[in-house]
Structures are given as C-alpha cells and as structure tokens.
Amino acid sequence: MYTLTTDEAMTALDDTAQLLTPDGHRISDPRLDPWVEDLDAPALRALYRDMAIVRRMDAEGVALQRQGHVGLWAPAQGQEAVQVGTARACRTDDFLFPSYREVGVTIVRGGAPADLVLAWRGEMHSTYDPYALNLASPQIIIGAQTLHAVGYAMGVQRDGGDQVAVAYFGDGATSQGDVNEAMVFASSFGAPVVFVCSNNHWAISEPVTVQSRFPIAGRAPGFGIPSMRVDGNDVVACTAAMRWALEHARSGQGPVFLEAVTYRMGPHTTSDDPTRYRGPGEVEAWRTRDPLTRLEAFLRNSGDIDDDVLAEISREADQLTAAMREAVLTAVTRPAIEVLDGVYAEPHSGIDRQRARFSAYLDAFADDGAAVTR
Amino acid sequence: MYTLTTDEAMTALDDTAQLLTPDGHRISDPRLDPWVEDLDAPALRALYRDMAIVRRMDAEGVALQRQGHVGLWAPAQGQEAVQVGTARACRTDDFLFPSYREVGVTIVRGGAPADLVLAWRGEMHSTYDPYALNLASPQIIIGAQTLHAVGYAMGVQRDGGDQVAVAYFGDGATSQGDVNEAMVFASSFGAPVVFVCSNNHWAISEPVTVQSRFPIAGRAPGFGIPSMRVDGNDVVACTAAMRWALEHARSGQGPVFLEAVTYRMGPHTTSDDPTRYRGPGEVEAWRTRDPLTRLEAFLRNSGDIDDDVLAEISREADQLTAAMREAVLTAVTRPAIEVLDGVYAEPHSGIDRQRARFSAYLDAFADDGAAVTR
Amino acid sequence: MTQLTMGKALTAGLRHAMADDDRVLVMGEDIGRLGGVFRITDGLLDEFGPKRVVDTPLAESGIVGTAVGLAMRGFRPVVEIQFDGFVYPAFDQIVCQVAKLHYRTQGRVTVPLTIRIPWAGGVGAAEHHSESPEAYFVHTAGLRVVAVSNPQDAYTVLQQAIACDDPVVFFEPKRLYHTKGEVDLDADIADAAPMGLARVVRPGTDATIVTYGAQVTTALDAAQAAEDEGISLEVIDLRSLSPVDYRTVSASVRKTGRLVVTHEAGGEAGVAAEIIASVTEQCFHYLEAAPARVTGLDIPYPPAKLEKHHIPDLDRVLDAVDRVLDRPNSLTGVEL
Amino acid sequence: MTQLTMGKALTAGLRHAMADDDRVLVMGEDIGRLGGVFRITDGLLDEFGPKRVVDTPLAESGIVGTAVGLAMRGFRPVVEIQFDGFVYPAFDQIVCQVAKLHYRTQGRVTVPLTIRIPWAGGVGAAEHHSESPEAYFVHTAGLRVVAVSNPQDAYTVLQQAIACDDPVVFFEPKRLYHTKGEVDLDADIADAAPMGLARVVRPGTDATIVTYGAQVTTALDAAQAAEDEGISLEVIDLRSLSPVDYRTVSASVRKTGRLVVTHEAGGEAGVAAEIIASVTEQCFHYLEAAPARVTGLDIPYPPAKLEKHHIPDLDRVLDAVDRVLDRPNSLTGVEL
Ligand SMILES: Cc1ncc(C[n+]2csc(CCOP(=O)(O)OP(=O)(O)O)c2C)c(N)n1
Ligand SMILES: Cc1ncc(C[n+]2csc(CCOP(=O)(O)OP(=O)(O)O)c2C)c(N)n1
Ligand SMILES: [Mg+2]
Ligand SMILES: [Mg+2]
C-alpha cells in the first residue's frame with residue numbers, strides 16, 4: 001500500500017496497557033506480566049511507599065509556597081505512578097533527564113529534601129550534583145532535555161556502555177521541534193534512550209488535543225521508534241512498560257517511546273488557576289483512578305498492607321517533609337559577590353573585571369551602609 | 001493494542017503509487033485513475049512540454065554558472081515530474097511555498113526567465129512578486145517555509161476561502177524542528193495545506209537514511225495527517241496524487257502529506273562534488289527511471305508525440321533559455337545606495353541616518369574617484 | 001482618563017486594535033480560555049472568538065512561523081511569547097524570516113507582525129522567566145523594537161505597533177504589570193507621538209539618564225533622590241530601542257554633558273553600549289566625562305534570591321551619576 | 001614552519017586535537033564522507049571512523065542539543081554549523097543550555113563544546129550564507145567567542161578552544177579559507193598566547209584600529225596605505241571577542257588617543273559599540289577624538305552583487321581614520 005491514513009497507522013493503538021484496575025484488581029497480560037514477575041508484596045509495598053512519600057512531599061511543596069517560603073511549585077499530584085514506576089525501573093547508572101515536574105523521579109533517584117525546595121525558593125537554579133544521582137538538573141525549557149538525553153545515549157554507545165538515557169517530558173512538549181528532532185537523532189543513531197511522555201492531559205490551560213488529535217504514542221513509530229501507551233496511574237504497568245523499554249534500549253535495539261496516560265490533579269503550578277479552563281467534573285472523574293488508592297486497595301485485598309504499615313510510611317513521610325521544611329527555613333542566601341560564581345569553568349578576564357568592580361561597590365556600601373556620597 | 005512498532009505502523013507502506021512504468025507503460029490503479037481521467041493526449045503532451053522546458057532551463061542554469069554568469073545553481077534534473085505534476089495540479093489561486101530547488105514549480109507558476117537567474121546571480125534575493133504568481137520566494141533556510149504555508153492555510157480558513165497552501169521541501173528537511181512543528185500546527189488546526197516532500201535520496205552528501213530509516217511518508221500519520229508515497233519520476237502519478245491531496249485539503253478534511261520518491265541526478269549545487277559520496281552506478285540506475293523518457297515512450301507508443309512536436313518544444317525551450325541568458329547578460333546591478341532600500345516598510349530614522357551618511361560617502365568618492373584626502 | 005494597571009491597559013489596547021481592524025488576531029500559548037499567564041488577553045476569546053484568539057500548540061517557532069504565513073495572507077498577527085526566556089526557539093524564524101522578508105522581496109511582502117514579550121526580572125521567578133533579550137533584536141536589522149514603561153504607552157504604543165507595517169518586537173516589563181497610571185482610552189493613536197520617539201520624562205541639567213522599561217521608574221527615583229542633593233538629572237525614556245531617537249538623546253547630552261545609560265540586560269554588546277558609542281560620536285565635544293553604563297551583570301540570569309544584585313537599583317544608578325559628575329564613587333581608584 | 005591555507009590549518013588543528021584526546025569528536029552536516037562543504041573535516045572520517053566523525057541529521061538544534069548530552073557524558077564535541085546563517089535554529093540550545101549549564105549547576109557540569117562557524121561574507125554567496133552573528137553570542141554570558149584571522153591562529157586557537165572547559169563559539173572567516181600563511185605544526189598550544197588575548201599585529205602611533213577576522217587584512221592594508229601619507233596606524237586583532245582583552249586595546253588607545261573599530265556585522269548594538277563604550281570609559285581623558293565605527297550597514301545581508309557596499313573596505317576604513325584624525329572626510333559637515 002502506498003497511502004497511510006491516521007486510521008491505518010493508529011487503529012492498532014486502541015488500548016492502554018494496564019495491570020491494576022482503578023479499583024485495585026490485578027489483571028493479567030501475557031506481554032507485560034513477565035516484566036513484573038518479581039514484584040512481590042515487599043516490592044509493591046516499596047512502590048506504594050515511594051508514591052505516598054512523593055505525594056506528601058509534593059503537598060508540602062504546595063504548602064510551603066502558600067506560606068511564602070518558596071516562590072513557586074509545580075505539583076505532581078496524580079502523576080506519582082509514572083514517576084515512581086519508571087524511575088524505579090532504571091538502574092542507578094542509567095542517566096535521567098527530568099522536566100520541572102518530576103519531583104517523584106528526584107526522590108527515587110535519591111534527591112535530598114533540600115534538593116526539592118531550594119531551587120523553587122530561588123536560592124540556586126539547581127541543587128544536587130547531577131553525577132551523584134545520575135539525574136540532570138530539572139529542565140524548564142520545554143523539550144530541551146530530550147536532545148541532551150539522546151546525546152548522552154550516543155555517548156554511551158561510543159563508550160560501549162550499557163546504560164540507558166531517559167527523557168521525561170509532557171504532552172505539550174511533543175509539539176516542540178526539539179522533541180521531534182530528538183526522535184530523529186535517536187532513531188538515526190539507534191541510541192539507547194527511552195522517551196517517557198507523561199500525558200497529563202494539560203499543558204497549562206491547553207488540553208492535549210491542541211497538541212495532538214490522536215494518541216501521542218502514535219507519533220513515535222513514524223520516526224522508527226516503537227512505542228507503548230500505558231496507564232500512567234498504574235505503577236505496576238508503568239514498571240513493566242519501563243522495564244520492557246529499558247531492556248529494548250539496553251540490548252542495542254534502539255530507542256523506545258512510552259506515553260503514560262495520567263492526569264494533573266492540581267494546578268499547572270501554584271501560580272495557575274485551573275478553574276478558568278476546566279471543570280471539577282473532569283478532576284473528580286480522574287480522582288477515581290488515583291494511583292495510590294488503587295495500589296492500596298490491591299495490597300489490602302491481598303493482606304499485604306495494613307494500617308500499621310501505612311502509619312509507618314506516614315511517619316517516614318513526616319520526617320522527610322519536616323526535613324524539607326527545615327531546609328527551606330534554614331536556607332541561607334549566598335553572599336552577593338557569589339552571584340558571579342560559576343559562569344565560566346576557566347579564568348575569564350570579563351568576570352575578573354566585574355568581580356573587581358562589584359567588590360568595590362559592595363565595599364563602598366559596607367563602610368556606611370549607603371552610597372559613598374550620601 | 002497498546003504498542004505500536006514501526007513494523008505495525010508501516011507494513012502498510014510497502015509500495016509507491018505509480019501510473020507510468022519506467023519504460024512508459026500505463027498501469028491502472030483504481031484509486032488514482034479517476035484523478036487523471038481527463039489527462040488526454042494534449043494534456044499529457046503539455047506535461048511533457050513543461051518537463052522538457054524545465055530540463056532545458058535547468059541545464060542552462062548550470063551552464064550559466066559554469067560560464068561565471070551566475071554564482072550558483074541548484075539543479076533540478078531528475079525531479080521534473082514531481083515539480084511539474086504537483087504544481088500543474090494546483091489552482092492558480094493556491095499559494096505555493098517552494099525551496100531553492102523548485103525551478104519547475106517556478107516555471108509552471110509563470111515565472112519569467114529572468115526570475116530564474118537574477119537571484120542566483122546575486123542581483124537581488126528574489127525577483128518575482130509572490131502575489132502575482134501566488135508563489136512565495138524560494139526559501140533557503142531548510143524547512144522554514146513549511147510553517148509559512150501552514151500559517152497561510154490558517155488564514156484561508158479564517159477567510160472562508162477554498163485555496164490550498166502547498167509546502168515544498170526535501171528529504172533532509174524532514175529532520176528540522178520546523179517541519180515537524182508545521183505538521184503539528186496543520187493537524188491541530190486542520191489547515192488546508194499539502195506537504196510535498198521531494199525525497200531525492202540525498203541532502204547534499206547525506207543519504208536519506210541519515211534522516212529516516214523508514215519511508216518518510218510514514219512520518220505524517222503519527223501527526224494525524226494522511227500521506228501517500230508516490231513515484232516522483234512519474235508525472236501522471238504525481239498529478240493524480242496531488243489532485244487527491246488538494247481535494248482532500250480543499251474540501252475541509254485537513255492537511256495531506258506526499259512523499260515523492262525521486263532522485264537528484266546532478267550535484268547538490270554547482271559547488272558540490274557528488275563523486276565524493278556516491279558512485280556512478282546509483283546515478284545510472286536512476287537514469288533508467290527518467291521522468292521525461294518514460295512519458296515520451298508512452299506518448300510515442302500511443303502515437304501522440306513525434307519528432308515534429310519534440311522539435312517544436314525544443315524551439316520553445318531555445319527561446320526561453322535564450323531569454324534567460326539574455327536576462328543574465330543584460331542584468332544591471334542596482335546603484336550602491338539602493339542597498340538600503342526595502343529594509344522597512346515605513347519611515348525609519350536609523351535608515352535615514354545611514355542613507356545620509358552613505359550618500360555623503362558616495363558623493364565624496366564621486367568627486368574624484370578616491371577618498372577625500374587621497 | 002482612566003486609572004488602569006499596565007496589564008489592563010495592554011488588554012484595552014489589544015481589544016481596541018482588534019475591534020478597529022478585523023485582520024488583527026492574537027495567538028500564543030494559553031491566551032484563550034486562560035487569558036494568558038498574565039491575563040493580558042483576558043476576555044478576548046469571548047469577545048472575538050477562536051478564529052481571532054488562537055491557542056496554539058506549544059512551539060514558539062511554530063507560532064512565529066505560522067504568524068508569518070498569516071501575515072502573507074493579509075492578517076496582522078499579534079503573537080504572545082509566554083515569557084522572555086521562551087523566545088529563543090523562535091529566533092530563527094524571527095531573524096531569518098520576520099526581519100528579512102520585506103528586504104528579500106524588495107518590499108513586496110510586508111510582515112505586520114507584533115511579537116509581545118512579557119519581559120525582564122524583579123518578580124522572583126524561576127530560571128528563564130526573567131530574561132532581557134532585547135539587544136539580540138536591536139542588533140537585527142529589519143525589526144523594530146519597543147519597550148513600554150507606563151500604562152498610557154502600553155495602551156498607545158501597542159496599537160501603534162499593531163498598525164505598523166513592519167514587524168515589531170514589543171517588550172512588556174513584567175514587574176510593572178500591576179502598576180497603575182492614567183490612560184486616555186479615547187486618544188487616537190494618530191495624535192500620539194510616533195512610535196519611534198523617545199520622551200524626556202523628567203527634565204534636568206546636570207546629567208542625562210537614558211533608560212527604558214521598568215528601569216524608567218528606577219531612574220526617576222534616582223533623579224528624585226539626587227534632587228535632594230541639589231543634582232538635577234534629566235531622565236529619558238527611550239520607548240523605541242530600534243530605531244533609537246538620537247535626536248532627543250543627543251540634544252539632552254549636549255545640554256548636560258554627562259550621560260548614564262541603565263538597563264537590566266547585561267552590558268556586553270548591549271543597548272547601553274550602542275547608545276554610548278553613538279552619543280560619544282555625536283556629542284564628543286560636549287562630553288565632560290566618560291558616559292557610564294549601569295547594567296545587569298554579564299552572567300546568566302541569577303536565581304531569584306540573588307537577582308537584586310543583578311538588576312541595577314537606585315543606589316547603583318546614583319553611584320554612576322557620581323561617576324559622570326566626577327564625584328567620589330565606588331570606582332574611585334579602581335582600575336577600569 | 002609549513003605553508004598552509006587557513007582551511008588546511010583548521011583541518012590540522014582538528015586532527016591534532018582528535019589524536020591527542022580520544023574524547024574529542026566532530027559532528028555536523030556533511031562533515032563525514034564529504035569532509036564538510038568547506039572540506040575542513042576532510043580525511044577525518046577515514047582516520048578516526050564514524051564514531052568520532054558524525055554525519056548528523058539536518059537539524060541544528062538537534063546537533064547542538066545532542067552535543068550537550070555528549071558533553072555531559074564526558075565528550076568534547078566539536079560541532080560544525082554549515083554556514084553562519086544556519087546557526088539560528090540552534091539559538092535556544094546555545095543560549096539557554098550551552099551558555100547556562102555550568103552556572104545552573106554551580107559548576108558541576110561543564111560543557112567543553114566548540115561550535116565552529118564558517119563565517120561572514122565577501123564570497124558572493126546566496127542569502128543566509130554571509131552572516132556575521134557574533135554579537136549575539138558576545139552578548140550571551142557563559143559563552144566564549146573567538147574569531148581567527150590567519151592560518152597560525154586557526155591552528156592554535158582551534159586547539160585551545162577544544163581544550164577549554166567552557167563552550168566556545170569559533171568563527172572562521174570564509175573569505176580567508178584559501179589564504180596561505182606559515183604554520184608551526186609542532187608548537188604546543190600551552191606555549192602559545194592564551195586564547196583570550198588580543199594581538200598588536202602592526203604597531204603604530206597616530207591611531208588604533210581594532211578589528212578581527214577577515215577585516216584584519218583590510219585594516220593592515222589601510223595601515224599600509226596610510227603609511228604612504230605619513231600616518232602611523234596601530235592594528236589590533238582582537239582574536240577573542242568574549243572576553244575582550246581590554247588591557248591590550250586600552251594600552252594602545254592611551255598611546256594613540258584615537259580609535260577606529262571595524263567589523264563586517266551591522267553596527268547597531270554590535271561588537272564595535274561594545275569596544276567603544278568600554279574604551280571610552282577606560283581611556284576618556286586620553287581620547288583626542290570620538291572613536292569611529294566602520295561596520296556593515298544595519299540591513300539584512302544584501303544580495304551578492306551589492307555586498308561590496310556593505311563590507312567595509314580599505315577606503316571606508318581610511319575615511320574613518322581621517323575622521324578620528326580630524327582630517328577632512330566624507331562626514332565633514334554632515335550632521336551625525
Ligand atoms: C520553550 C518553552 N515555552 C513555554 C514554556 C512555558 N511553559 C511552562 S510549562 C508549559 C506547559 C507544559 O506542558 P506539558 O509539556 O504537557 O507538561 P506539564 O506541565 O503538563 O507537565 C509551558 C507552556 C516553557 N517553559 N518553555
Ligand atoms: C537551516 C539550514 N541548515 C543547513 C542548510 C544547508 N543546506 C542547504 S541544502 C541542504 C540539504 C537539503 O537537503 P534536502 O532537504 O533533502 O533538499 P535537497 O537539497 O535534496 O533538495 C543543506 C544541509 C540550510 N540551507 N539551512
Ligand atoms: Mg501536560
Ligand atoms: Mg534531498
């Protein structure tokens with residue numbers, strides 16, 4: 001055949017991979033089951049714990065913003081399963097490239113409580129050492145990190161390594177040239193990269209239909225990249241899908257694309273007012289598909305979780321959120337002159353000159369707390 | 001199904017639409033035949049005439065470059081069928097957005113001989129009035145024009161018009177962010193635009209496989225745009241495919257993507273040396289699929305063309321190439337001060353100041369042919 | 001006269017332009033139902049409908065590139081770039097297409113496109129949300145660049161930009177969005193000062209401060225403070241950064257003999273360098289001291305908690321005034 | 001010493017850097033089998049193989065963005081942008097990522113990336129093939145910007161740029177690719193002048209001409225011509241545009257008291273404006289006349305047949321020299 005309509009290309013894509021139903025029933029899937037065979041009760045509890053902690057710390061971030069301790073927060077509520085499931089599926093030496101909303105990914109990679117808040121507070125642009133967590137700084141420019149991930153993966157190929165690079169981004173990002181170029185490069189070089197698109201149905205106020213009138217997972221195969229649509233609120237399915245994707249990339253078969261279908265329960269950021277563009281009905285409908293309650297229901301059914309365990313997780317979450325709050329409240333802003341630090345890695349006469357002048361200026365004020373002549 | 005591999009998305013795309021075989025036999029195709037029912041002998045002869053003239057003028061362009069009359073030429077040899085077939089299928093009020101290689105499109109749209117050469121000669125960046133030919137100036141920035149075409153088509157929608165915008169570009173261009181964003185916008189707004197990708201197998205020295213390891217026509221459906229792979233050396237198939245595409249877009253069904261599979265017989269430009277990156281075998285193989293010889297063979301078989309007609313076309317081509325040469329040889333470079341013309345549409349104090357100074361400078365030299373003081 | 005915030009004045013200007021000319025349309029990310037993240041397009045979707053108030057896919061090159069196509073079809077698109085730091089993906093379309101199309105076609109194709117950019121810092125924002133990219137556009141021939149500093153100009157100049165047949169990059173200082181001022185909503189833009197002209201916002205005799213955008217407020221504060229010390233500063237709001245109204249600027253410097261230029265963008269090859277190079281040429285024999293720049297540091301925009309060291313404040317402006325007046329200042333004795 | 005064209009010197013520099021450090025790789029459009037449209041990477045594919053000489057898809061943002069990722073993995077990518085006018089699609093990656101990553105991460109991530117750009121006009125090329133975008137990058141903190149003017153610098157400075165842990169935008173004047181000069185292929189880059197330093201290429205006493213790239217040749221020709229009239233011009237090749245070596249430049253201006261800056265890019269908010277603003281500040285009391293700019297016009301790059309009016313030639317430079325020497329010149333009596 002020499003024509004291809006969207007129907008022909010996408011009729012195959014009429015479903016979403018799922019292993020846990022919204023009410024917590026495990027359904028079997030011959031393709032995905034093998035990838036999560038080892039997920040026994042402790043492992044599932046661990047995933048639940050991760051998600052619960054992400055939810056609490058995320059809520060604390062919102063609270064800290066409302067109380068004026070951080071300038072902004074981009075809530076992840078509702079997206080815990082895709083963030084935790086995919087990040088936990090990675091090896092620690094895989095390198096992950098998150099956007100600004102991947103608080104769950106940061107936590108899973110070992111980010112400290114302070115790492116979650118000091119950037120939003122405006123103390124520094126980013127906190128942790130990317131090489132310590134194998135996690136790039138959160139990216140604000142929509143889509144830019146997808147190319148970095150592909151480049152990193154090309155580096156892995158050149159080193160003969162078996163790490164995988166993972167690019168996280170949203171549904172809105174799929175419209176950016178960079179994300180499409182990333183798919184072109186990844187496909188052309190067969191780079192070991194997994195694209196994880198968290199389709200949370202909204203790019204600020206724009207519904208995903210403005211970016212794409214068809215399932216986003218249908219985009220990648222045209223670039224020569226196999227893709228999967230997965231229930232992004234099902235942490236078991238996300239784990240399975242990501243393990244499949246990682247193995248595909250790790251074994252030299254090239255890039256993979258995952259569309260995780262999820263929902264942003266909160267505002268875009270704490271500055272946003274979602275009541276201007278979406279009704280409560282939609283949000284309520286998604287509440288029934290909550291990633292935490294479904295795993296909790298499953299674990300309660302199987303008797304693998306109980307109130308004691310939940311209380312224990314809650315205590316742990318208390319400690320972590322307290323540490324996060326503490327980090328914000330004790331944050332010390334760096335001295336003025338350090339604003340000039342880190343622009344260049346090597347000596348630079350322009351920075352030297354600015355430093356001399358700015359020091360002189362600061363000194364002039366230090367003397368009498370006011371301008372020299374007044 | 002929730003996964004989509006490239007195989008699943010593209011198995012359908014295993015063929016190329018064709019109506020004239022390389023040796024000139026008309027094959028029937030129930031989907032395409034209706035679109036070219038009206039192509040009787042005179043119409044086919046006209047297409048042949050167009051292609052022959054394009055080939056001759058293109059060859060003259062190369063010759064003019066070799067003789068130093070123009071600085072550069074981007075030969076279209078081998079691509080006459082896609083250019084003539086698709087452009088002839090358009091209405092005169094459709095608006096076409098070409099790249100630098102669409103000499104055939106320019107001729108079909110009524111470009112004068114001078115329009116083909118004065119820009120390459122460096123007399124002006126572009127010659128004809130885009131609104132006179134409904135043809136944008138040739139675009140050099142790879143892919144940029146695809147967005148202009150989509151925007152134009154969005155304008156048509158707003159005007160309630162039934163024109164179609166057509167974007168021409170190459171296989172290499174499909175890697176550019178702009179071309180992918182153009183597909184996103186076209187799909188999102190259902191804009192009446194036809195994307196015509198002339199896959200001539202090379203982007204300068206890079207084979208199409210560097211840009212895409214799969215048929216380019218497979219890219220568009222993922223964006224929600226139906227596409228067709230057509231033999232770009234078969235002017236009848238190109239006409240049929242384009243008429244189908246135009247009708248689709250014109251009737252409000254949204255954008256269409258055509259991949260015309262063709263071959264660049266010459267160098268990328270007259271500055272290029274293709275022997276560095278491709279063997280003569282490949283070029284020779286494509287010579288057997290020449291767009292002109294196959295239509296000539298068909299018309300000779302049916303007795304609809306003979307040496308007299310060919311001689312007549314040849315005379316016409318002689319006149320046109322002579323006019324083109326004449327345009328170059330009689331070109332008068334604009335006076336120096338006009339270098340400042342047309343930067344802004346409205347009065348601009350910066351330009352005024354530059355004009356005053358540059359005039360003074362020119363005057364100073366005009367007096368004695370040298371700088372004021374020497 | 002009506003009291004309006006700059007934000008509301010911009011909305012009023014847009015509404016007026018759209019009502020006047022049905023070829024005007026606005027497009028960008030989140031400008032429809034949401035009214036834009038700064039609510040500048042608030043209400044326009046309801047009033048003018050989705051054909052003229054276009055929520056676009058999330059792609060700045062796509063937004064500007066399709067706006068070029070719309071302009072070629074005879075529309076006058078007004079594009080909103082969500083934040084200053086997100087204009088760069090559209091840079092190629094702006095520099096190679098928007099700026100060059102008219103020249104490329106010997107004037108046959110006009111691009112009456114307005115690119116609105118919420119602009120600059122001082123609002124405690126995250127990375128990429130406080131950029132001052134104006135010099136890139138000033139350096140690009142074929143564009144006009146304006147920056148507004150008060151609600152009345154916001155209202156008037158926006159309409160002038162939209163009415164202009166050339167592409168205009170229109171900078172809106174974020175930190176003034178909520179600042180109120182008198183706006184004459186009935187004024188005809190034809191009666192207003194043409195878009196390319198600067199304005200002396202405070203006359204003075206001892207030194208000239210040239211600035212634009214939110215720094216106009218800082219400069220006026222500095223002039224007020226200086227007055228208490230008996231120093232008379234003339235403050236000029238450039239309004240247009242390309243072209244610069246050198247007639248007004250140089251007339252002032254010929255009078256005062258001393259010049260300070262201040263802006264929030266970094267200094268290296270910035271707008272202040274341009275002003276100083278041009279004024280030095282035009283007024284060399286009138287200059288009593290070296291003109292001084294008071295600009296942002298030449299660093300990537302810093303984290304919010306440090307931005308106050310980056311944005312020139314009243315003290316830094318006054319320190320530079322001292323410098324051009326040959327009074328003791330922080331650089332006294334420092335090798336320059 | 002070997003006689004080499006600048007093109008061949010660049011190839012030798014690349015080969016040397018790749019042989020020295022196996023983390024260096026080159027990437028771009030057509031740089032493999034073809035050796036690049038200017039043949040600067042000629043032979044490297046055969047010598048170093050496709051893992052280190054990477055023909056990329058046709059997408060500049062993709063090239064620079066993946067190079068950033070490679071740098072994060074510990075490589076030192078050398079990117080070729082095919083022509084100056086094609087760098088703009090990569091502008092976002094350059095300004096928001098390449099320039100900012102080190103600052104964003106408090107120095108934890110370095111981006112030792114070299115972006116080579118065949119640069120500027122005078123070669124009779126088509127639109128977009130003769131651009132001078134250097135000011136955009138000079139205005140961008142976090143980048144270093146260099147421009148070479150002769151084969152020896154091409155060889156040495158390219159290696160220094162690759163060895164530098166900061167990102168460097170490296171400009172190669174197209175019209176000098178075929179110009180020959182002596183190159184010491186055995187010289188160690190550690191012994192050469194550091195990358196940030198300017199060089200006095202011709203000493204003189206009456207006025208200073210500051211320039212870079214292909215205009216160095218024009219300036220030297222002008223100095224030669226002026227000598228016949230008894231005027232002694234000092235010519236400085238900046239070599240580094242960011243940072244600028246103001247020590248060398250200002251020392252010269254303090255000596256001569258007169259300054260001409262010439263470059264091919266438009267003047268508005270360009271590099272010459274920067275130099276003049278800084279030098280005026282640093283040397284105000286030494287200046288005997290207003291420094292003069294001799295730059296390209298502030299227009300989109302013109303068609304090839306008109307480019308000679310755009311690129312400052314010897315006569316325009318000498319006219320400006322007359323101006324700073326207060327001799328009769330074309331602008332005598334013209335309102336500036
Ligand atoms: C290049 C660029 N343009 C615009 C923005 C402003 N912006 C920030 S988030 C956002 C929406 C992103 O939507 P999506 O990709 O779906 O991610 P989500 O926020 O839903 O996680 C926009 C438009 C930006 N950060 N970068
Ligand atoms: C943005 C940009 N990058 C690079 C170039 C240089 N360039 C000119 S033509 C070309 C190859 C284009 O290949 P393709 O799209 O297949 O078109 P073809 O030349 O084969 O018709 C390249 C890389 C350019 N003109 N614009
Ligand atoms: Mg989203
Ligand atoms: Mg091609």
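Naming: A, B, ... by sequence-line order, numbering from 1 per chain.
Most heavy-atom pairs under 4.5 Å with chain D, from the set B:Gln211, B:Glu206, B:Glu338: that is B:Glu206. Comparing B:Ala173, B:Ala119, B:Ala336 by how many heavy-atom pairs each has under 4.5 Å with chain D, the most go to B:Ala336. Between chain D and the residues B:Asp272, B:Ile204, B:Ile337, B:Val343, the largest count of heavy-atom pairs under 4.5 Å involves B:Ile204. Contact count versus chain B (heavy atoms, under 4.5 Å) is highest, among D:Thr332, D:Asp228, D:Asp298, D:Leu331, for D:Asp298.
Between B:Arg357 and D:Asp319 there is no salt bridge, since no side-chain N of the basic residue sits under 4.0 Å from a carboxylate O of the acidic one.
Taking the side chain as every heavy atom from C-beta outward, B:Arg334 and D:Pro303 approach each other to under 4.5 Å. Using a 4.5 Å cut-off on side-chain heavy atoms (C-beta onward), B:Gln139 and D:His128 make contact. B:Asp273 has its side chain within reach of D:Arg39: a pair of non-hydrogen atoms, C-beta onward, lies under 4.5 Å apart. At a threshold of 4.5 Å between non-hydrogen side-chain atoms, the residues B:Met124 and D:Glu127 do not count as touching. Within the 4.5 Å cutoff, side-chain heavy atoms of B:Tyr361 are placed close to those of D:Asp315.
The contact list for residues 61-73 of chain B toward chain D, using heavy atoms and a distance under 4.5 Å, is empty. Using non-hydrogen atoms only and a strict 4.5 Å limit, the part of residues 55-63 of chain D facing chain B consists of D:Asp55, D:Thr56, D:Pro57, D:Leu58, D:Ala59, D:Glu60.
The two atoms that bring B:Ala364 and D:Ser330 nearest to each other are CB-CB, 3.9 Å, heavy atoms only.
Legend: ring-ring contact (aromatic ring centres under 6.0 Å, His included) pairs involving residues 305-336 of chain D, not counting sequence neighbours, sorted by first then second residue: D:Tyr301-D:His310. Sorted by first and then second residue, the salt bridge (charged side-chain N to carboxylate O under 4.0 Å, His left out) pairs involving residues 25-36 of chain D (not counting sequence neighbours) are D:Arg33-D:Asp46.
Interatomic distance, CD of B:Glu123 versus CG of D:Leu306, reported as 7.5 Å (0.5 Å rounding). To the nearest 0.5 Å, atoms CZ (D:Phe86) and CD1 (B:Ile140) are separated by 7.0 Å.
Within the 4.5 angstrom heavy-atom criterion, no atom of B:Asp178 approaches chain D. The contact between B:Gln354 and chain D is made entirely by side chain atoms (from C-beta outward), counting heavy-atom distances below 4.5 Å. There is no contact between B:Tyr344 and chain D, counting heavy-atom distances below 4.5 Å.
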